[in-house]
Amino acid sequence: MKPQPALATTAIHAGEIHDPSGAHIAPIFQTSTFTFEDMAAVEAWSEGESGAYIYTRGGNPGRTALAAKLAALEGLGLESETTAEIFASGMAAITAALMGIARTGQHIVTQRVLYGSADHLISEVLPEFGITNSRVVALEPAGLNAELEEHPNTAAVYLETPANPTMTVIDIARTAEIAHEHGAMLVVDNTFATPVLQRPLQMGADVVVHSTTKYINGHGTMIGGAVISSDRTLMEEQIATMIRFTGGVPSPFDCWLANLGSKTLPLRMERHSASAMEVAGFLESHPGVVTTHYPGLPSHPQHELARVQMSGFGAMMAIDLGSYEAATRFLDRLELCTLAVSLGNIDTLVEHPASMTHRVVSPEDRAASGITDGLVRLSIGLEEAGDIIADLDQALREF
Ligand SMILES: *Cc1c(COP(=O)(O)O)cnc(C)c1O
């Protein structure tokens, strides 16, 4: 096998379009349809002899380029070929992955609390199509084994790690092993870690899903998603079909933006992680902060697992300030950091999960998963770490 280029090189060069007109950066193919030269070209296409683009719902060069790049990043180091399909949102990607894998009468097992909309999809929407679900708090091996024995019709185990917003780390390799022993596929939402810090396919996961809205684009300018796998049959027969016929396709411009953003992903993740480590150290030592949840801190319950499973700890963290009043006072005082949902942008975003991203989760499930009223989630940006800390410090005055 030819030696594979390193991650930073792959992010910049994989899948790039070398346009015949000589444009250095790939153009945006902002077109709904593509022309045929003549009827012979139509015949070649209908015989399956040409890979021509026909109509942008079916495919667009910029979408193909982004898919190739993300597949190369998630597939780095894998022997088998990895492919990707790009969607109009992370939720469209998650829906396609789960509806592509699970059929009516089948079951999905997940951790207790997921990204809010994924949670809603699995607990409220899929059951309407006869796809049931059950939860195991953090997919601990004994609990997961028991759950899978109780539900032999399980088609997929679905997980997020680090988990949103409490930063619980789940063992991907172990979960994949248990899922496979029971004939289920493992689907991992890799949005928080990105392929730069964690590559689930290498650890035995069957499918990776992403909200490219977050770190992959990185600049907060679009909404998008991806499904990535080296299971060719699944990708060709289920996922590609799902995008074509349910139609959750991204715009050519959004693909172009995500592609441009992803070129700096390795560089950004390195700086995001380094700054987050500094910020987490500051927050943990601040007397006004009750708990700091960050996988990079030795005090994090799964710190050792995070060290093995991830090549960096990322820039997502949560702090518990003890009460809703304290969280509100802190959030209202922030000047540099922005109060907003979403994450993975170049600037620092801070939010209150109980009233924002996890408002739809029942109070019982929030309590069971540590989403207290005093919990604040931070997505550490690329500003100078000292400036981020200074802003957090002034917001924590007299705490
Ligand atoms: C944002 C997000 C999603 C959903 O993605 P959209 O692009 O908003 O549809 C799914 N999972 C995680 C972990 C996310 O952060």
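Atoms within a ligand are numbered from 1 in the order they appear, just like the ligands themselves. Excluded from the calculations below are hydrogen atoms, water molecules and symmetry mates; all remaining heavy atoms, backbone and side chain alike, are included.
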TODO: Report yes or no: do D206 and H180 form a side-chain donor-acceptor pair below 3.5 Å?
DONE: yes
- [ ] Compute whether any side-chain donor of one residue and acceptor of the other, for Y53 and T64, lie under 3.5 angstrom apart.
- [x] yes
Open item on the list: Under a 3.5 Å cutoff, is there a donor and acceptor pairing between the side chains of S134 and E147?
Closed with: yes
Open item on the list: Just checking H303 against F313, ring centres under 6.0 Å apart?
Closed with: yes
Note down each nitrogen or oxygen pair, ligand 1 side and protein side, whose separation is under 3.5 Å; give only atom names and the distance to 0.1 Å.
{"unit_1": "ligand 1", "atom_1": "5 (O)", "unit_2": "S211", "atom_2": "OG", "d": "3.0"}
{"unit_1": "ligand 1", "atom_1": "7 (O)", "unit_2": "G90", "atom_2": "N", "d": "2.9"}
{"unit_1": "ligand 1", "atom_1": "7 (O)", "unit_2": "S211", "atom_2": "OG", "d": "2.8"}
{"unit_1": "ligand 1", "atom_1": "7 (O)", "unit_2": "T213", "atom_2": "OG1", "d": "2.7"}
{"unit_1": "ligand 1", "atom_1": "9 (O)", "unit_2": "G90", "atom_2": "N", "d": "3.0"}
{"unit_1": "ligand 1", "atom_1": "9 (O)", "unit_2": "M91", "atom_2": "N", "d": "2.8"}
{"unit_1": "ligand 1", "atom_1": "11 (N)", "unit_2": "D189", "atom_2": "OD2", "d": "2.6"}
{"unit_1": "ligand 1", "atom_1": "15 (O)", "unit_2": "K214", "atom_2": "NZ", "d": "2.8"}

Task: Ionic contact status for K263 with E16, cut-off 4.0 Å - done: yes
- [ ] Using side chain to side chain contact (heavy atoms under 4.5 Å, CB included) as the criterion, point out the one residue from L339, V376, V341 that pairs with V350.
- [x] V376
